[in-house]
Amino acid sequence: SVLFTSTRRNQAINDAAEEFADLTECLIRQSTVACSCNVSEYMLLSSGVLGGSTDFARLAKQGVEYHHVSSHGGSSARTRTVSGDEFPRRDVEWLNRYEPGWRESTTPVELPAGYYLRADGGNQYIGLRNKPDIGSSETGKLLVPYVARPAPMTSTGDEPFTVNSSVRTDLPIYHHA
């Protein structure tokens with residue numbers, strides 16, 4: 001009666017759902033980071049970036065994208081995107097070793113060459129390897145896919161992997177996992 005209480009069973013089920021989401025990346029959410037001209041770092045865990053969400057576990061394997069939208073010379077916007085191999089994630093140690101002086105660069109570029117993550121105490125920063133050049137009629141943004149922690153299930157009618165009352169209807173076959 002002490003070992004298998006309802007509270008312990010419910011906690012074990014919620015822990016299992018969280019681990020399953022982490023291992024399979026079945027619960028991916030995407031956040032947008034608005035970029036500013038000549039600014040290379042943004043606090044990833046701030047309410048402005050993740051919308052106050054506390055479900056961030058880690059970045060997803062699909063990788064971050066940078067979008068540069070320009071409306072120069074007409075009403076239709078032109079979007080340029082870098083992602084994948086053109087926009088790799090590099091550790092700060094790698095940048096220090098293979099691109100000495102990368103932090104001192106003062107020349108902004110239209111499309112940054114990659115991104116990095118940097119922890120500082122309780123903060124997590126996402127940074128661009130090159131400062132972006134964003135004009136007055138342009139916007140720059142990072143699309144940041146991340147593995148989300150599932151919301152805890154508290155009642156018997158709750159469904160695993162529900163985000164803002166939207167249920168992932170393709171996942172019930174995995175509920176026993």
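On a predicted model such as this, the values are computed, not experimentally measured, just so you know.
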Fill in the blank from the handout: Rounded to the nearest 0.5 Å, the SG atom of C35 sits from the NE2 atom of H67 at a distance of 10.5 Å

Practice task
Would you mind reporting whether E18 and P150 have side-chain heavy atoms less than 4.5 Å apart?
Solution key: yes

Exercise for the section: First locate atom OG1 of T79, then atom CD of E138, and finally report the distance between them rounded to the nearest 0.5 Å. Expected result: 11.0 Å

Exercise for the section: Assert yes or no for the condition that the ring centre distance of Y115 to F87 is strictly below 6.0 Å. Expected result: yes

Handout entry: N96-W102 side chain donor-acceptor pair, cut-off 3.5 Å
Key = yes

Practice task
First locate atom NZ of K61, then atom CD of E25, and finally report the distance between them rounded to the nearest 0.5 Å.
Solution key: 5.0 Å

Exercise for the section: Give the other cluster members for L143, using side-chain heavy-atom distances under 4.5 Å between Ile, Leu, Val, Met, Phe, Trp and Tyr residues; answer none if it is isolated. Expected result: none

Exercise for the section: Assess the side chains of T5 and R8: does a donor N or O sit below 3.5 Å from an acceptor N or O? Expected result: no

Handout entry: Presence of salt bridge, R58 and D22, under 4.0 angstrom
Key = yes

Completion exercise
Note: Y66 and P132 closest approach over all heavy atoms is OH-CB, 3.4 Å

Handout entry: Single-linkage hydrophobic cluster, 4.5 Å side-chain cutoff, I126 and L111 together
Key = yes

Handout entry: Side-chain donor-acceptor contact under 3.5 Å, E41 with Y116
Key = yes

Exercise for the section: Look up atom CG in N38 and atom CG in N130, then write down how far apart they are to the nearest 0.5 Å. Expected result: 11.0 Å

Problem - All salt bridge (charged side-chain N to carboxylate O under 4.0 Å, His left out) counterparts of R80, not counting sequence neighbours - result: E110

Problem - Pairwise side-chain contact, I28 with Q62, heavy-atom cut-off 4.5 Å (strictly under) - result: yes

Exercise for the section: Please answer: with hydrophobic residues joined when any side-chain heavy atoms are less than 4.5 Å apart, are V144 and V92 in the same cluster? Expected result: no

Exercise for the section: May I ask you to check whether over 12 heavy atoms, not counting those of R78, lie within 6.0 Å of atom CZ? Expected result: no

Exercise for the section: Please round to the nearest 0.5 Å and tell me the distance separating atom OG1 of T162 and atom CZ of R168. Expected result: 10.5 Å

Exercise for the section: Consider only side-chain N and O atoms of D15 and Q11, and report whether a donor and an acceptor are under 3.5 Å apart. Expected result: yes

Handout entry: Exercise: do S155 and D158 side chains pair donor with acceptor under 3.5 Å
Key = yes

Problem - Cation-aromatic face contact R97/W94, 6.0 Å, 45 degrees - result: no

Problem - hydrophobic_cluster_shared for I134 and V39, side chain cutoff 4.5 Å - result: yes

